[in-house]
Each structure stands twice: as structure tokens, then as C-alpha cells.
Protein chains: 2
Amino acid sequence: MSGQDNVRPETARRVLAAVDELGYRVHAAAASLASGRSRVLGVVVMSTDRYSSAALGVGIEQAAAANGYTVTTASVSDHASGDAFLEAFDRLEQQGAEGIILGVPVELDTPAMRVRTARTPAIRSERASLEDDAPLAVDQRAIARLAVEHLLDLGHTTVWHVAGDDYWIETEHRREAWEQALLARGLTPPPVIPADWTPESGYRAGRTIAAIPSATAVFVSSDEMAFGLIRALHEAGRSVPDDISVVSVDDIALAAYASPALTTVRQPFESLGRAAALRVIAKIEGHDAVGEIPETQPTLVIRSSTAPPRPAG
Amino acid sequence: MSGQDNVRPETARRVLAAVDELGYRVHAAAASLASGRSRVLGVVVMSTDRYSSAALGVGIEQAAAANGYTVTTASVSDHASGDAFLEAFDRLEQQGAEGIILGVPVELDTPAMRVRTARTPAIRSERASLEDDAPLAVDQRAIARLAVEHLLDLGHTTVWHVAGDDYWIETEHRREAWEQALLARGLTPPPVIPADWTPESGYRAGRTIAAIPSATAVFVSSDEMAFGLIRALHEAGRSVPDDISVVSVDDIALAAYASPALTTVRQPFESLGRAAALRVIAKIEGHDAVGEIPETQPTLVIRSSTAPPRPAG
DNA sequence: TTGTATGCGTTATCAC
DNA sequence: GTGATAACGCATACAA
């Protein structure tokens, strides 16, 4: 049954026949107890239905299943504190998880976290893994660069930025890269407009932008916020992309059906989830080769929310 | 440790102290083997990032955690066949799941499924459970009724219907109820326009509708499709809601930020997930009272995509 | 190539 | 109120 080859064919046949007849299946708990291996992957996510978590989960599940692992999930509430992460981690460990994927912004470099990752391998899904720095994360800086440069190349003289929730590391990375991309062209970055990923916050940011006559280009940190932002812009009588160009991030299914269709930087979440799973599995099993590394590069998808600035005058 | 009360306080204190000092935690697999109980709930979902699955999962996880259960997921590919469901079910059982929640359109009433549900309790998340008919499902017929009646009350003389994927039972229920609601007012239902939940299919349906001059009201089976549909309508020069009113289903976060903001029938997915989890747990533990039953009624959210028909002439 | 002990970390039962 | 002991169903190592 376990795929050994030192068995006489006839014997194997008889065993399999019996298995079939009796409907025998290994008892996972017993197997786990005896072997010391559970083949369970744990995933910690925020209890939200945000697109990124869902897409990530799909990828993780796929890769896990392909390698004979099952995944069990522990949700923490939105904006949970570090303690909640630790508890989730413990719950998962206690459940027997052999490796854990953190889909939340945990600081890995704390004493409490270090004890844990020492005994059971863990990685942050949106970041490079602990020791090695293979390209496991979607490069958040590349996202910002792609967005800003597209806008600048179109002829805009500066780019405003509506940031995501400060709680997430991506937010910081994108802000930095946005700033640097501007600086690199000798431009002075305008103040960041804070938001929190929700369409509502995008709407508020849109009202702010609408009140700035000189603004002609915006880099918004998510498609969902872009929907809110564009709505606010339209209500204020500013047209997109004629008056203001906007590029956002994610490329959710609805991005192509916004009005106008969103120019956005696509993040390969599913692929990233697969990479994350492959990586923990490799750590668990102690080999560093993970087979093929799934693609994790962001790509710019140009649609109709960006255009050259209106000629002055 | 297990909360017995026939222990001298002093002894209990010493035990707990030792637990603390040694960092002892029960080994889940060993406990499961010895007790015959795993406290694991299995969930079968399609490997999509559709809003409904994600929201459902959140609810399930919550209720499970609150009752000391953990959840493990088995994804099947989109549009999987019945066999894939059976396999997923088996995987979960084999993993030790004591109860299973089916987030997919499985036919429960087949021999193969009956053997399985006989040994481990299972329920469909969007339907009433097997034997009892407690209000576990979101009433899909009520959804259609709400939508159609809102439109009719506004003064429209008929309502077109863009249906979801036939693969899902909801689709059938909504179509029936849409038909009946029309019939109840002495109206003849126009032909159904088929689609498959995606914004793309909504777009195609929109082109179809745009070509029907007499159409003034549409009931679309999801918000995502509504985005596509409205886009097509606008491209064809038909205004929403002036020329055509549309009401959709789900009330996703972006619904309020569509142009125009979507009038839609909200489904309480998270709450439904909680209800589903509570229900399997009750089955597992053999009590029928599940505590408070979460709300599972759909509600109409009126926004700007519906209006009275334009006065004739 | 096949059969057989031993132990994995609990729970549950029963004697004390 | 407390301590000892037999399963639980498998994997593993080793004897045959």
C-alpha cells in the first residue's frame, strides 16, 4: 500500500483486493501518531473576503493537494494584533501543522515568533522567506514603479498616491518606490493620501484629489479603492482619464468592467500562493529545490483609465 | 486539564504549573486516536475566488472556532463533476473530519452520497439540510421575488432575467421564482438570457438586452454580471436607470460604487456560513438545538440602478 | 519476501 | 481523589 516494491505481485494483489473489499482506509490520526508526520499545512489569514486572501488560498490549496498535503485554516479578525497571530499560530501547531503560511502582516523577527518558527517552519506569503531570499514575494516596489513610470511616460508631470492601510507592509513598500520613482525623474512627491483598501476610503481620497486642480495622475493602491475614487472624481465633474489618469493594483475580475476600464498592475496571487506552499513544503521536507518556481512578477495591464494629460491651455 | 471537578485544588494547581513550565500541549493526533474524536470540520468548495465562497468560509471558520473545532478545506476545480465531489468528501473523511460542509452543488440524494452522509454528517451550505428543513439556506426564491416585485412596483411592465450558471441550483430556483412572480401579475415571462456569473457573460447579456427596444427592466443574478451588463448597455447608448433598470444579487463591497450604484438583493453569506457550521456541529454532537440561528433572509438594498420606466411617448 | 514486536501520546476504565 | 493500565490504528525496525 505504501508503494514499496519488495512485494510479490500476487501478494500485493491480494492485499489491494482486501483493501477494496473491506473499504479500508488509513486512519490519519493513527498514521500521524506513529510516523510523527501529519502532512498538514496551516494557513493564517484575516477573516475578510478581500480578493487577495481568497486568491492566495486557492493557490496554496492547489500546491498542497498536489504534494499530498491538506490545509487547515485559522482566521484572525481584521486588524488583529500580534497576539492574535501568535494564538493562531499556536492553534495550528497544536492541530499538528508541519508548516505554516502567514497571510497576515506578522513581524517574524520577534522573540515570540522566533521560538515558533524554530520548531515549525513558517513563511509570510507576501514576503521572502526567513533565511533565504528567493523571490517568493510579489515585488511591491516593482508595482509602484510600473504604475508611476507608465503615468510619467504618458506625459504627466507628477503622480499622486492613494496608499493602502498602514497595517500592511505592502503599503510602505509601494509608497517608498512611488517616491523614489518620482525623485529619480527629478520630481518632488506630493503628500500621500491615506486610505485603507476599502472602496469607501477610495471615495474619500477621490474627494480630496478632486479638490486639487493641478492633479492629473493618481496611483491608487487597489482596484477596489479605484472604484470609489473614480466615483468621487466623476461626482466632482472631473473626467477619467481626460482630466485625471488613474492606475491601481490587483486586476480583479471587475477591473475591466469599471467605467472607465481600469489600467492596473496585476498581482499573480494564485501563483504566489502556490509558491508559498511549495516553499514551506520544501522546508518541511528539508530539500531546498522546490521544483519549478511559479511566476511572481507583477504586470501592467493598460486599459482606459489612463491617458496623456490634457494639453495645457 | 480537561475540566473535571473531582480534583483537589492543590493538585490541579500543581498540574497546571507543570503544564506551564514544560510548555505541554496535547498532541492532537494522539488525542484523536484515543478518543475517536478529531473536532475537525471539512469544507468542500470550488477553487474560485468568487465572493460567495470566501464570505461563506469566513462564517464557517468563526462558528467552528467558537465551538472548539478547526476546519480543513478541500477545493475542487471549477465546474467539477460529481466524482470530484466524492473524492473531496473522501479526502476529508480520511483526514478525520467529523462533519462536512458542501459549498458545491452536489446532489445529496444519490446512492454514493447517501453512504457517505450516513457515516459522516454533511450539509449543503446553500440548501436546507438533508432530513430537517430548518431555514439553513438563503431563500433563493425570495431573492427573485424581491427583485421582480421591486421592479414591477416601480411601474415596469415586464422584467427580463439574466441567469447564473446552470450548474448551480440557485440559478434554477431564481428562474422559477422570477417566472412565477411575473405570472402572478398576469405577465408573460420573456425568454431567459443565459450567463455564467462572470462579468464577461454579463457583458454579453447586456448586448443582447440592448438589442431589445422594449426592455426596461432586468433582474441579473449577480452583482459581477451587473457590472458587465451595465457596461454593455452604456456602450449601446442605453442609460441605466433612465432607459433600463437593473437589480442584481449579492451586494458585494463594490456594488455601491458601480455607476450607477447597484440596487441589489443582499445575501447574508457570512451568517449562512455560521449557520451551516453550527448545524453540522449539532449533528455531530447529536443535539438538535444549535443555539441561536443566524439570520439567513435576503434583503433588498435600493440604490441608483433602478427607477420608474420612462413615460411612454 | 513476509511476519511480528514495539511504541507513538492520548483517553478511558478501574482499582485503590 | 489519585494512580495504574489497556486500548486507539498505524509505522518502523527487525527477525524469520
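To find a chain, count down the sequence lines: A is the first, B the second, and so on, and within it residues start at 1. All values below were derived from every heavy atom in this structure, side-chain atoms included, with hydrogens, water molecules and symmetry-related copies excluded.
The residue from B:R39, B:R37, B:R119, B:K283 that alone fulfils the salt bridge (charged side-chain N to carboxylate O under 4.0 Å, His left out) condition with B:E98 is B:R37.
Around the CD atom of B:E10, the shell of radius 6.0 Å holds more than 12 heavy atoms that belong to other residues, nucleotides or ligands.
A donor atom on one side chain and an acceptor atom on the other are found under 3.5 Å apart for A:T198 and A:D196.
Summarising the geometry, the separation between OH on A:Y24 and P on D:dG9 is reported as 10 Å, rounded to the nearest angstrom. Between the P atom of D:dC8 and the CZ atom of A:R25 lies a distance of 19 Å, rounded to the nearest Å. For A:R39 and D:dC10, the CZ to C1' distance is 16 Å, given to the nearest whole Å. At whole-Å resolution of the value, CZ in B:R13 and C1' in D:dG1 are 17 Å apart. Atom pair A:R14:CZ and C:dT1:C1' shows a separation of 12 Å (rounding to whole Å applied). Distance B:R37 CZ to C:dG9 P: 23 Å, rounded to the nearest Å.
Side-chain proximity of B:S35 to D:dA11, C:dT10, C:dA12: nearest is C:dA12. Among the nucleotides D:dT2, C:dT10, D:dC8, the one closest to any side-chain atom of B:L33 is D:dC8. Ranking D:dT2, D:dC10, C:dT2 by closeness to the A:T11 side chain, first place goes to C:dT2. Taking every side-chain heavy atom of A:A30 into account, D:dC10 is the closest of D:dG1, C:dT10, D:dC10.
Nearest heavy-atom pair, B:D251 versus B:D223, reported as atom, atom and distance to 0.1 Å: N-OD2, 2.6 Å.
Residue B:S32 is out of contact with every strand shown, counting any heavy-atom pair closer than 4.0 Å.
The nearest heavy atom of DNA chain D to B:R8 and to A:A34 marks one nucleotide each, and the one closer to the 5' end goes with B:R8.
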